[in-house]
Amino acid sequence: MVRSRLPADMHETAMGDEIDDDEARAIRAKRIIEAVAAIPRGRVASYGAIAARAGYPGRARLIGRVLGDAPNRLDLPWHRVLRADGKIGIPPGTAGYREQCRRLKAEGVVVKDGRVPMSAFGLDHDLDRAIWGFPI
DNA sequence: GGCGTGACGGAGC
DNA sequence: AGCTCCGCCACGC
């Protein structure tokens with residue numbers, strides 16, 4: 001059993017439990033998948049927000065990696081994850097890009113030129129409404 | 001063990 | 001809005 005040397009997984013081993021790199025990857029994937037699964041239908045979140053919510057702040061790129069490896073499960077709303085500016089992260093012209101557009105529009109999310117207005121569909125929208133009583 | 005790459009993000013211009 | 005850098009870091013050569 002090899003202790004994980006992945007820098008960001010050190011907190012996993014801080015309690016003294018021995019884990020190898022594969023297990024560390026599995027834990028990361030699980031947390032990230034759960035965070036993605038928690039995005040409500042018709043709403044979107046940024047890679048960075050999911051990273052933070054999964055316990056990996058500042059590591060937005062990790063989310064793209066995990067989602068890229070994850071199977072295209074129908075029950076995993078991977079399409080609700082976008083760049084911070086609302087743009088689709090998958091390179092335009094690819095099948096994945098078109099699929100993401102399709103799945104977003106299918107649940108009422110507005111996609112214009114490969115971009116979603118985060119102010120209207122991002123989770124902050126709900127937060128602002130909860131705090132202020134209306135979207136700001 | 002370097003090195004380039006990327007489904008990122010923020011700052012600066 | 002767009003375009004550099006720069007920090008980030010797992011992966012595959």
Side-chain angles (χ1 to χ4, degrees):
Chain A
M1 190 70 87
V2 179
R3 175 180 291 272
S4 172
R5 290 170 306 287
L6 301 179
D9 294 319
M10 286 308 167
H11 67 284
E12 293 292 347
T13 63
M15 310 303 279
D17 46 332
E18 295 279 327
I19 64 173
D20 57 31
D21 290 357
D22 286 336
E23 191 174 348
R25 261 187 291 272
I27 292 171
R28 288 196 317 234
K30 184 173 187 294
R31 289 184 172 180
I32 290 167
I33 293 301
E34 286 173 350
V36 171
I39 308 172
R41 178 182 173 81
R43 317 253 66 160
V44 297
S46 69
Y47 292 99
I50 293 301
R53 186 182 280 226
Y56 306 104
R59 299 180 60 196
R61 305 193 85 128
L62 186 57
I63 277 57
R65 264 217 57 74
V66 170
L67 290 182
D69 290 339
N72 188 8
R73 278 166 33 193
L74 205 59
D75 61 322
L76 177 66
W78 56 267
H79 58 285
R80 297 178 189 147
V81 186
L82 307 165
R83 297 174 87 132
D85 61 3
K87 287 202 290 188
I88 288 177
I90 302 173
T94 63
Y97 178 92
R98 286 188 293 275
E99 172 69 2
Q100 186 164 13
C101 273
R102 189 189 68 72
R103 289 175 67 157
L104 283 169
K105 290 175 179 173
E107 58 185 52
V109 175
V110 172
V111 185
K112 172 89 170 174
D113 296 326
R115 188 169 47 82
V116 171
M118 296 296 272
S119 58
F121 296 98
L123 296 178
D124 290 349
H125 179 85
D126 296 329
L127 184 61
D128 291 333
R129 194 171 53 191
I131 295 174
W132 305 103
F134 56 89
I136 58 175

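Computed from a predicted structure; not experimentally measured. Below, each value reflects all heavy atoms present in this structure, side chains not excepted, and no hydrogens, waters or symmetry copies. Within every chain, numbering begins at 1; the chains are lettered A, B, ... in the order of the sequence lines, protein sequences first and strands thereafter.
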- Minimum heavy-atom distance between A:Q100 and A:I88, given as atom pair plus value: OE1-CG2, 3.2 Å
Give me, pair by pair, the N or O atoms of the protein and of nucleotides 8-13 of chain B that are less than 3.5 Å apart, along with how far apart they are.
from	atom 1	to	atom 2	distance (Å)
B:dC8	OP1	A:R83	NH1	3.2
B:dC8	N3	A:R61	NH1	3.1
B:dC8	N4	A:R61	NH1	2.6
B:dG9	OP1	A:Y47	N	3.2
B:dG9	OP1	A:G48	N	2.7
B:dG9	OP2	A:A84	N	2.8

- Task: Specify the separation, in whole Å, of atom CZ of A:R59 and atom C1' of B:dA7.
- Result: 16 Å
- A:R65 or A:R115, whichever maps to the more 5' nucleotide of DNA chain C: A:R115
- Task: Please report, rounded to the nearest Å, how far the P atom of C:dC8 is from the OH atom of A:Y56.
- Result: 18 Å
- Task: Grab the two heavy atoms, one from A:R103 and one from A:L76, that are nearest each other, plus how far apart they are.
- Result: NH2-O, 3.3 Å
- Would you name the heavy atoms of A:Y47 and A:I90 that are closest together and state the gap between them? OH-N, 4.5 Å
- Item | salt bridge (charged side-chain N to carboxylate O under 4.0 Å, His left out) against A:D69, all qualifying residues, sequence neighbours excluded | A:R65
- Task: Please report the C-alpha distance between A:E23 and A:D20 in whole Å, then the side-chain angles of each, then the deciding distance to 0.1 Å, and finally whether the side-chain contact (heavy atoms from CB on, under 4.5 Å) criterion is met.
- Result: CA-CA 5 Å; A:E23 191 174 348; A:D20 57 31; 3.2 Å; yes
- Note on the structure: To the nearest angstrom, the CD1-C1' distance between A:I32 and B:dA7 comes to 12 Å
- Message: Dot-bracket for DNA chain C, please. Rules: Watson-Crick or G-U, both distances under 3.5 Å, ( ) within the strand, [ ] when a pair crosses earlier ones, | for another strand, . otherwise.
- Response: .||||||.|||||
- Query: Does the distance from a Lys or Arg side-chain N to an Asp or Glu carboxylate O, for A:E34 and A:K30, drop under 4.0 Å?
  - Reply: yes
- Query: Between A:D75 and A:R73, does at least one N-O distance fall below 4.0 Å, as a salt bridge requires?
  - Reply: yes
- Please give, in whole Å, the distance from B:dA7 P to A:I33 CD1? 17 Å
- Task: Determine the minimum heavy-atom distance between A:L82 and A:K87, stating which atoms define it.
- Result: CB-O, 3.7 Å
- Give the rounded distance in Å between these two atoms: CG of A:L67 and P of C:dC9. 18 Å
- Message: The test is side-chain contact (heavy atoms from CB on, under 4.5 Å); show your working for A:V36 and A:R80 and say whether it passes.
- Response: CA-CA 8 Å; A:V36 171; A:R80 297 178 189 147; over 6 Å; no
- Rounded to the nearest angstrom, tell me the gap between atom CZ in A:R80 and atom C1' in B:dA7. 17 Å
- To the nearest Å, how far apart are A:I27 CD1 and C:dA10 P? 14 Å
